[in-house]
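Numbers restart at 1 for each chain; the letters A, B, ... are given by sequence-line order, proteins then strands.
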Protein chains: 2
Amino acid sequence: MRAWVRLAKAQQIALAAIENALNDADLPPLVWYDVLLEVERAKEKGIRPFELERAMLLAQYNLSRLLDRIERAGYVERAACVEDGRGQVIRITELGKSVRRRMWPVYAGAIERAVGEKLSANEALALVGLLGRLTTPEAGKSAGGA
Amino acid sequence: MRAWVRLAKAQQIALAAIENALNDADLPPLVWYDVLLEVERAKEKGIRPFELERAMLLAQYNLSRLLDRIERAGYVERAACVEDGRGQVIRITELGKSVRRRMWPVYAGAIERAVGEKLSANEALALVGLLGRLTTPEAGKSAGGA
DNA sequence: GGTATATGAATGCAATTGCATCTAAACGAT
DNA sequence: ATCGTTTAGATGCAATTGCATTCATATACC
């Protein structure tokens, strides 16, 4: 229980710091970064919205509209999908790439202040390990998971 | 950096699980629980919105409207503040208490599944310690921690 | 081939959030 | 007492989110 409360609070504080930093720098919100990063990683081949949806744990309608906005800003392009007539393919634009690059130092700086400065390298590593246990779908605690 | 990413993901997953559990049980969202708990702790004396605001890291306008909704549901009552003509005092109602009590097992169960089941007691304790470092306003990395 | 079901994505509408601004009361200095 | 400033809280309006539903194509079954 205490772990959950602190988890929530730590995340809330760090997230607010990051969003503020981006906002102050007149840059888009953090989710945009995540989307742009995923889309950029997909290169020319692009990525399907439903893949993005799963990668980012975003609700379908939510992603649909987020892509609307990012597209309207000119950071990604939607194209009809050849293999699947229902679907589409998202590709990043040059403008999108440049915005993502500009977001990175601001994002990284905020994380450094919110997390890096507060933990030693070993502590950060330990935290990564513990949090990793929470994100796996596995049961986890007992050895012989059935 | 990796620590932040995992922190965000772990929180997101756990939060979604909790909100879903509450939703499935036809109970109000998690913030309502937090508010009700704080207000209930203040007993008859009540609590001022601005205190709540600081305790919960909520934006002022956000809290104002959240209290509107919780009040409309009949779970808290607003009263003019005697000592400060600008302010008010929030008190929980019997209905509010009972709802908070009904929320607890659902909330606790979701946390147990999202966190408790994935970590041993020692691991959970270690996580509490590490996350605590992130929520202190202090710089933190150097050894002199309180 | 024809119909039922499942999947990818969009959308109407209500609820919530964020931003900026506003009101009123308290404080502080004259 | 009066004026400027700060603090507590509310609110108009735009943007975002959530829910339910819709549309269109793909797949499975017969």
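- For D:dA10, one of the phosphate oxygens OP1 or OP2 lies less than 4.0 angstrom from a side-chain nitrogen or oxygen of B:Q88.
- For the pair B:S64 and D:dA10, the criterion of a side-chain N or O lying under 4.0 Å from OP1 or OP2 is met.
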Please list every donor-acceptor pair under 3.5 Å in which a side-chain atom of residues 41-52 of chain B meets a protein atom from a residue at least two apart or in another chain.
from  : atom 1 : to    : atom 2 : distance (Å)
B:R48 : NE     : B:Q88 : O      : 3.0
B:E51 : OE1    : B:R48 : N      : 2.8

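- Put simply, chain A comes within 4.0 Å of DNA chain C, heavy atom to any atom, from C:dT7 to C:dC19, going 5' to 3'.
- Residues in residues 69-80 of chain B take part in these salt bridge (charged side-chain N to carboxylate O under 4.0 Å, His left out) pairs, two or more places apart or across chains: B:D68-B:R78, B:E71-B:R78.
- Scored by the side chain to side chain contact (heavy atoms under 4.5 Å, CB included) test, A:A55 finds A:E38 as partners (sequence neighbours excluded).
- Among residues at least two apart or in separate chains, ring pair (Phe, Tyr, Trp, His ring centres under 6.0 Å) pairs with a member in residues 64-90 of chain B are B:W32-B:Y75.
- Every residue meeting the salt bridge (charged side-chain N to carboxylate O under 4.0 Å, His left out) condition with B:E123, not counting sequence neighbours, appears here in chain and number order: A:R133.
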Sequence neighbours excluded and cut-off under 3.5 Å, please list the side-chain donor-acceptor pairs for residues 97-109 of chain A, or say none.
from   : atom 1 : to    : atom 2 : distance (Å)
A:K97  : NZ     : A:E94 : OE2    : 3.2
A:S98  : OG     : A:L95 : O      : 3.1
A:R100 : NE     : A:E40 : OE1    : 2.5
A:R100 : NH1    : A:Y33 : OH     : 2.9
A:Y107 : OH     : B:W4  : NE1    : 2.9

Tabulate below the donor-acceptor pairs under 3.5 Å that side-chain atoms of residues 10-29 of chain A make, not counting sequence neighbours, or state none.
from  : atom 1 : to    : atom 2 : distance (Å)
A:Q12 : NE2    : B:L57 : O      : 3.3
A:E19 : OE1    : A:L30 : N      : 3.2
A:N20 : ND2    : A:A16 : O      : 3.3

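- Listed by residue number, B:R65, B:R69, B:D84, B:G85, B:R86 are the residues of residues 65-87 of chain B with a heavy-atom contact under 4.0 Å to DNA chain C.
- In the region residues 18-44 of chain A, proximity to DNA chain C at under 4.0 angstrom, judged on heavy atoms, holds for A:N23.
- Looking at heavy atoms from C-beta onward, B:L134 lies in side-chain contact with B:L131 at the 4.5 angstrom threshold.
- Near DNA chain D, defined here as any heavy-atom distance below 4.0 Å, the residues from residues 47-59 of chain B are B:R48, B:P49, B:F50, B:R54, listed numerically.
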